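Following: one structure in structure tokens, then a few remarks.
Numbers here are sequence positions counted from 1. Numbering of ligands and ligand atoms starts at 1, following listing order. Since the structure is predicted, the reported quantities are computational estimates derived from the model, not experimental observations.
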Amino acid sequence: MFILAVTIIIIGIVFLVSGLAQAKKICAQTQHTGWRLLSLLIACFILGYSLVLGSLLIDKTVDAILFGLSMILFSGSIFVFMVTTFSLTTIQQLHMLAQEEKHNALHDPLTALPNRKHCIETVNFLVEDNIPFQLMLLDVVNFKQVNDGMGHFCGDQLLIQIGHRSRAHLSKGDFIARIGGDEFVVVMPNQSLDHALNIAHEINQSLKRPFSIDGFELTSSVIVGIGSYPKHGTSVDQIINAADVAMYWAKTNGNEVANFSSHMSQDARRKLQISRQIDQAIENNEFELFYQPIICLERDIVCSYEALMRWLDEDGKPITPSDFITIAEQSNKITSITEWMLDKVASDIEKLIKAGIHCPIHVNLSAKDLMSKNLENQLSRLAFLNKSFVNMVVLEITETTAINRLRSPATLLERLKQMGFRISLDDFGTGFSSLSLLRDLPVDQIKIDQSFVYQMQRNERNRSIVANSISLAHGLGYTVISEGVEHEEVVSILREYGCDYVQGYYYSPALPLERAINWTLSRDAEHYEQLAQHTVKKAAP
Ligand code: C2E
Ligand code: CA
Ligand code: CA
């Protein structure tokens, strides 16, 4: 009985000691005073047990009461051990869940990189501690095309791999986050602008190596905008905004990387201002349509015009279409501009016909117009109101990437063609899929881009491109306009190559309607006299 009682008490002390160790761990994790008191209590138990064990070892006798007491103490120690064990496991599980939740709240589930919230918190810490840093905003080029064209699975895989490759170029202490769809942010504390530029370059080089995704090989790249703290602002928002402005600037200027500079935000402000002015301009009738004559080379007469938008702002300063049309396309205001333009063209057609000129007008359409139902509705309405509208209008579409993205540009153009409209493929040769567009789209004509025609007399390569484009188009049964003709020599070369029509400053810039009419009637006086005589003869009894 003596040996049994001693053994039980020793085991009890062991249980209590491990219970105390677990209670200490719980104390460290919860910082709760209740668990501190419990630890103190367990320590007192251990002391009490040890005293009982000591007296047992000295007396060497055990009566029934003492044995009963040692059994109770033993059960108590098991109870303490079990309570501390279960509590520790539960607390650890809760702790893990909380950690997981915290991780999820601060990380992007797709790439497992820190998310926008985490990024803002990190940048906030740096700003609070006044630590200088470079912040790069990375925007994946043509991501939407991959996502739309190859499916979301491929898009997701590409984002994961881009995050992975980009992270591999960062130094210790740098931080990368995915802050939105295809936007990543890299924060580099205590680093110079040169370092950031190098990293941006390295990331782009590595993204240009092929990715293997779902059996496809594709490459990628990013446009990078850089903002620096404290140079470009004193808050997270200001720095991210600076990087955003720089990124947007790089994108519109065809650069891969740009560091923020104040002229960029003036640019951005101007764009915002123009975008706001567009609505007002439509309301106040500030837009004007000018007409640039297009000459038929064979007959040497004006045979059509291109309608080109002109806009003087409130202060009478001209805003070029290249400026405001791009902004209108980005802000979806282009459809309102096109609507205004088509109504104006319809009324100008009547004036042309009244002046005896039956030359069609080329109108420029944006890819966004082709995506909206409005265009087809408006064209049908105008065709219904004026029977000559269809024959008097040629639709110019540009081979931009946006046209490639339209789900079925061919079917819409097919319908427009069935209505009787002719279609001209503008800026031919500047997109990356001119040939496939030429094959797939139901066009009637190509307009060779002015970049090939300009200075053609001095550039053999341009001559070769133009000559081959003309024979290619003729082979497919299309006619050809060369735009941007500025020299007589160019006219002779184009004539030699068999180009059908020419347009450019050599003949005339775009003119207000009245002037375009007068210019045409005086330039082609002979032609119009003959026409008049012919009409008189026909009318004579
Ligand atoms: P685009 O359709 O390629 O129009 C030809 C541009 O070249 C016009 O510039 C015209 O003035 C210019 N140009 C004509 N002949 C010559 C020449 O001999 N040399 C040179 N260097 N340039 C010449 P503009 O009027 O500034 O228009 C620029 C662009 O804005 C147009 O390019 C077109 O894409 C767009 N645009 C103009 N009006 C409209 C419109 O009503 N709707 C839409 N969606 N876009 C328009
Ligand atoms: Ca055009
Ligand atoms: Ca053009």
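- A donor-acceptor contact under 3.5 angstrom links the side chains of Gln378 and Asp343, judged on distance only.
- At a cut-off of 3.5 Å, with distance as the only test, no side-chain donor of Gln280 or Glu286 sits close to an acceptor on the other residue.
- Remark: ligand 1 and Gln450 share an N or O pair separated by less than 3.5 Å (distance only, no angle test).
- The parts of Asn364 lying near ligand 1 are both backbone and side chain, judged by heavy-atom distances below 4.0 Å.
- Less than 6.0 angstrom separates the ring centroid of Phe324 from the ring centroid of Phe287.
- At least one N/O/S atom of Asn364, whether from backbone or side chain, sits less than 3.0 Å from the Ca ion (ligand 2).
- Between Arg178 and Glu183 no salt bridge is recorded (no basic side-chain N to carboxylate O distance below 4.0 Å).
- Among the heteroatoms counted here (N, O or S) of Asp426, OD2 is the one nearest to the Ca ion (ligand 2).
- Distances from the Ca ion (ligand 2) to the N/O/S atoms of Glu396 are shortest for OE1.
- Salt-bridge formation is detected for the pair Glu483/Lys447: a Lys NZ or Arg NE/NH1/NH2 atom is positioned less than 4.0 Å from an Asp or Glu carboxylate oxygen.
- Those atoms of ligand 1 with a heavy atom of Glu486 less than 4.0 angstrom away are 17 (C), 18 (O), 19 (N), 20 (C), 21 (N).
- By the 4.0 Å N-to-carboxylate-O rule, Glu496 lies too far from Arg463 to be salt-bridged with it.
- An N or O contact shorter than 3.5 Å links Tyr505 to ligand 1 by distance.
- Contact annotation: for Met341 versus ligand 1, heavy atoms closer than 4.0 Å belong to the side chain alone.
- Between the side chain of Ser166 and the backbone N or O of Ile162, at least one donor-acceptor pair lies under 3.5 Å.
- Every atom of ligand 1 is numbered from 1 in the order shown, and the set under 4.0 Å from a heavy atom of Gln292 is 14 (C), 15 (N).
- Scanning all heavy atoms of the two residues, the minimum distance from Val222 to Leu207 falls at CG1-CD1, 3.8 Å.
- Under a 4.0 Å N-O distance rule, the pair Arg523/Asp300 qualifies as a salt bridge.
- Salt-bridge formation is not detected for the pair Asp108/Arg116: no Lys NZ or Arg NE/NH1/NH2 atom is positioned less than 4.0 Å from an Asp or Glu carboxylate oxygen.
- Under the 4.0 angstrom criterion, atom 3 (O) of ligand 1 counts as having a protein heavy-atom contact.
- Ser322 OG, 4.2 Å is the protein heavy atom nearest to atom 29 (C) of ligand 1.
- The distance criterion of under 3.5 Å between nitrogen or oxygen atoms is not met by Glu329 with respect to ligand 1.
- Close approach to Gly504 involves these atoms of ligand 1, each under 4.0 Å from a residue heavy atom: 15 (N), 18 (O).
- For Val485, every heavy-atom contact with ligand 1 shorter than 4.0 Å involves the backbone, none the side chain.
- Every atom of ligand 1 with a heavy atom of Glu483 under 4.0 Å away is listed here by number and element: 3 (O), 5 (C).
- Not one N or O on the side chain of Ser228 forms a donor-acceptor pair closer than 3.5 Å with the backbone of Lys231.
- Distance check on atom 32 (O) of ligand 1: every protein heavy atom falls at or beyond the 4.0 Å cut-off.
- Side-chain polar atoms of Asp237 and Ser235 form no donor-acceptor pair below 3.5 angstrom.
- Taking 4.0 Å as the cut-off, Gly484 counts as a neighbour of ligand 1 on heavy-atom distance.
- Salt bridge present: Lys417 and Asp444 bring a charged side-chain N and a carboxylate O closer than 4.0 Å.
- When hydrogens are left out, the protein atom nearest atom 25 (O) of ligand 1 is Arg310 NH1, 2.8 Å; that is the closest non-hydrogen contact.
- For Asp427, the N/O/S atom at the shortest distance from the Ca ion (ligand 3) is named OD1.
- Applying the 4.0 Å criterion to heavy atoms of Asp427 picks out, from ligand 1, the atoms 3 (O).
- Assignment of Ile325 to the shell around ligand 1 is supported, since a heavy atom sits closer than 4.0 Å.
- Ranking the protein heavy atoms by distance from atom 26 (O) of ligand 1 puts Pro321 CG, 3.4 Å first.
- Comment: Asp279 engages Lys333 in a salt bridge, judged by a side-chain N to carboxylate O separation of less than 4.0 angstrom.
- In summary, Glu483 places no N/O/S atom under 3.0 Å from the Ca ion (ligand 2), failing the contact criterion.
- The contact set between ligand 1 and Glu306, taken as ligand atoms under 4.0 Å from a residue heavy atom, comprises 2 (O), 4 (O).
- No other N/O/S atom of Glu306 lies as close to the Ca ion (ligand 2) as OE2 does.
- Among protein heavy atoms, the minimum distance from atom 8 (C) of ligand 1 is reached at Leu308 CD1, 3.8 Å.
- An N or O contact shorter than 3.5 Å links Met309 to ligand 1 by distance.
- Look at Asp500 and Arg495 and you find no salt bridge, because none of the NZ, NE, NH1 or NH2 atoms lies under 4.0 Å from a carboxylate O.
- Residues Thr520 and Tyr305 bring a donor and an acceptor atom of their side chains to less than 3.5 Å of each other.
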